K.L.:
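First the structure, then my questions, so here it is.
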Amino acid sequence: MFARSAARALKSQSRQFSSSATRQSKVAVLGAGGGIGQPLSLLLKLNPHVTELSLYDIRGAPGVAADVSHIDTGSEVRVPRLRPHSTSHVHAHPHRTALIQVRGYPADKLDQALEGTDVVVIPAGVPRKMTRDDLFNTNASIVRDLAAAIARVSPKAKVLVISNPVNSTVPIVSAVFEKAGVYDPAHIFGVTTLDVVRAQRFLAAVAGTDPKNVKVTVVGGHSGATIVPLLSQTPQGKSITGEAYEKLVHRIQFGGDEVVQAKEGAGSATLSMAYAGARFTGDILRALNGEKGVVTPTFVKSPLFAEQGIDFFSSNVELGPNGVEKIHGLGELSEQEKKLLEACLPELKKNIEKGKKFVQQS
Ligand code: NAD
Ligand code: LMR
């Protein structure tokens, strides 16, 4: 199953990237030895935009790096080269193929892992046994400390937060950057792509179609009632009503529970999350490399509900060379979606405030 996901991700990445030359992009994965970190590192090794992959964990990262580095993928890199020329212009050399550098860093080498990174992806921390909020005590300090190191060593990196509870960990990373005086809200993202992936997969099953024909926007946050799928905005979703609609929304909001229960205490979603994380990282890299029109839902500092004291929110975001380029509004909502949003906002507000308070008190 994983092999199929990986092949699909590779195929779609190759499709997206085949015509474009790339600049060099160094990507770091913090938590690379974990259930998500390992397959995510594998998928990133397959992404032609990644020219350097830096794998860090408090345990096991050098082993993951050695393993992943044997994969025989290279990368098309455009290399600017100074050539002797009568007018001394700089010429871009057309292309050369380079092997992706993969390095693994042990616990005491975080700064080295972060040096010169363009993108840092964080799947470090513990997975849940009960609710995502239970993870707060452990993961809040892990994410805070990693964010402090990024702010110090690589303050301009785009930071992609996977560690739960995302509704709180993104405000934590943001507050740490703010404290360090290097905060740019356009650079920090909560990865909510798994909600989109699930919504598309589950809706496709109900509609009896291929998921590739289905595009669902999911807004709000990343846990239970804060996950708001906008099914009325899709051709396949708008005709689903009554009990079928309720069941579908519930499955999207609580899809994580299905995996936690099926794994019987051994963890939460890892493979589907690695796929989703690689997909979102791929979107960020395409935008950093100048591709226009890359739009996807992600949890960012947002003005949409700021007047109600909710200053982080996931909605469709256009990505660009500096990260967040434009935050889209929600569009037209059905009466049911307005109700879902009403239920989302107070819970999201509490989660965000919890994250901010944690950094204030640290
Ligand atoms: P895991 O326990 O398998 O892996 C976590 C890894 O983090 C481990 O290898 C551990 O050594 C490492 N780690 C712990 N402290 C660290 C530190 N200070 N620095 C670097 N690495 C550190 O867990 P997992 O299943 O990979 O899940 C990781 C996180 O992702 C969890 O918080 C989980 O809830 C979250 N998650 C988020 C989503 C999402 O949609 N955003 C989806 C699935 C899981
Ligand atoms: C998910 O949605 O699968 C993740 O957030 C992991 C979890 O705790 O459910």
Side-chain angles (χ1 to χ4, degrees), residues 1-57 60-79 95-105 113 116-124 157-160 162 189 191 193-194 196-197 200-201 211-212 269-291 294 296 298 319:
M1 191 174 97
F2 172 62
R4 262 213 319 266
S5 282
R8 243 199 325 268
L10 175 60
K11 206 167 148 199
S12 105
Q13 284 167 356
S14 312
R15 245 200 333 266
Q16 286 158 354
F17 299 139
S18 57
S19 59
S20 62
T22 64
R23 71 184 183 89
Q24 307 223 1
S25 296
K26 178 171 177 178
V27 178
V29 179
L30 310 184
I36 296 167
Q38 293 201 32
L40 175 61
S41 302
L42 164 65
L43 292 173
L44 292 175
K45 174 68 170 68
L46 307 183
N47 185 321
H49 277 310
V50 180
T51 48
E52 208 176 327
L53 193 54
S54 181
L55 306 182
Y56 173 81
D57 200 299
V64 177
D67 194 351
V68 162
S69 72
H70 287 190
I71 292 164
D72 61 349
T73 56
S75 150
E76 287 293 305
V77 189
R78 193 180 277 281
V79 186
H95 279 102
R96 77 172 166 83
T97 302
L99 287 178
I100 300 172
Q101 299 289 330
V102 185
R103 292 199 181 85
Y105 296 89
T117 44
D118 301 291
V119 176
V120 182
V121 195
I122 314 183
K158 312 296 172 289
V159 184
L160 282 44
I162 291 174
F189 303 86
V191 183
T193 317
L194 183 52
V196 174
V197 167
Q200 293 176 170
R201 169 69 182 84
K212 77 171 183 320
T270 53
L271 303 179
S272 50
M273 183 58 234
Y275 167 81
R279 191 154 118 178
F280 183 67
T281 311
D283 288 342
I284 292 277
L285 290 168
R286 282 159 54 214
L288 290 183
N289 276 280
E291 188 173 323
V294 183
T296 186
T298 172
L319 304 171

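Nothing here was measured: the structure is a model prediction, and the numbers come from that model. If you read the sequence from its start, that first residue is 1, and numbering goes on from there.
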K.L.:
Using a 4.5 Å cut-off on heavy atoms from C-beta on, say whether the side chain of Asn47 contacts that of Thr281.
P.N.:
no

K.L.:
Looking only at heavy atoms, which two atoms of Tyr56 and Ala113 are closest? And how far apart?
P.N.:
CB-CB, 4.0 Å

K.L.:
Using only atom types and a distance under 3.5 Å, with no angle test, would you say the side chain of Lys26 pairs donor to acceptor with the backbone of Ser54?
P.N.:
no

K.L.:
Which atom pair, heavy atoms only, marks the closest approach of Leu43 to Ala278?
P.N.:
CB-CB, 3.6 Å

K.L.:
Restricting to non-hydrogen atoms, name the atom on Ser69 and the atom on Lys45 that form the minimum distance, rounded to 0.1 Å.
P.N.:
CA-CE, 4.3 Å

K.L.:
I need the Thr270 OG1 to Leu40 CG distance, nearest 0.5 Å.
P.N.:
11.0 Å

K.L.:
Test Leu194 against Ser272 for side-chain contact (heavy atoms from CB on, under 4.5 Å), laying out the working first.
P.N.:
CA-CA 7 Å; Leu194 183 52; Ser272 50; 3.8 Å; yes

K.L.:
For the residue pair Ser41 and Val68, what are the closest heavy atoms and their distance?
P.N.:
O-CG1, 4.1 Å

K.L.:
To check you understand the geometry: which heavy-atom pair defines the closest contact between Ile162 and Gly277, and what is its length?
P.N.:
CD1-CA, 4.5 Å

K.L.:
Going by the side chain to side chain contact (heavy atoms under 4.5 Å, CB included) test, name the single residue among Val294, Thr193, Thr298 that passes it with Asp283.
P.N.:
Val294

K.L.:
Quick check against the 3.5 Å criterion: does Thr296 have a side-chain atom that pairs as donor or acceptor with the backbone of Phe280?
P.N.:
no

K.L.:
Would you check if Val119 and Ser25 make a side-chain contact, meaning some heavy-atom pair closer than 4.5 Å?
P.N.:
no

K.L.:
For Gly31 and Pro123, which heavy atoms make the closest approach, and how far apart are they?
P.N.:
O-CG, 4.1 Å

K.L.:
Keeping the roles fixed (side chain from Lys158, backbone from Ile284), state whether a donor-acceptor pair exists under 3.5 Å.
P.N.:
no

K.L.:
Out of curiosity, Ile36 CD1 to Ile122 CD1, how far, rounded to the nearest 0.5 Å?
P.N.:
12.5 Å

K.L.:
Looking at CG of Leu285 and CG of Leu44, how far apart are the two atoms once the value is rounded to the nearest 0.5 Å?
P.N.:
8.0 Å

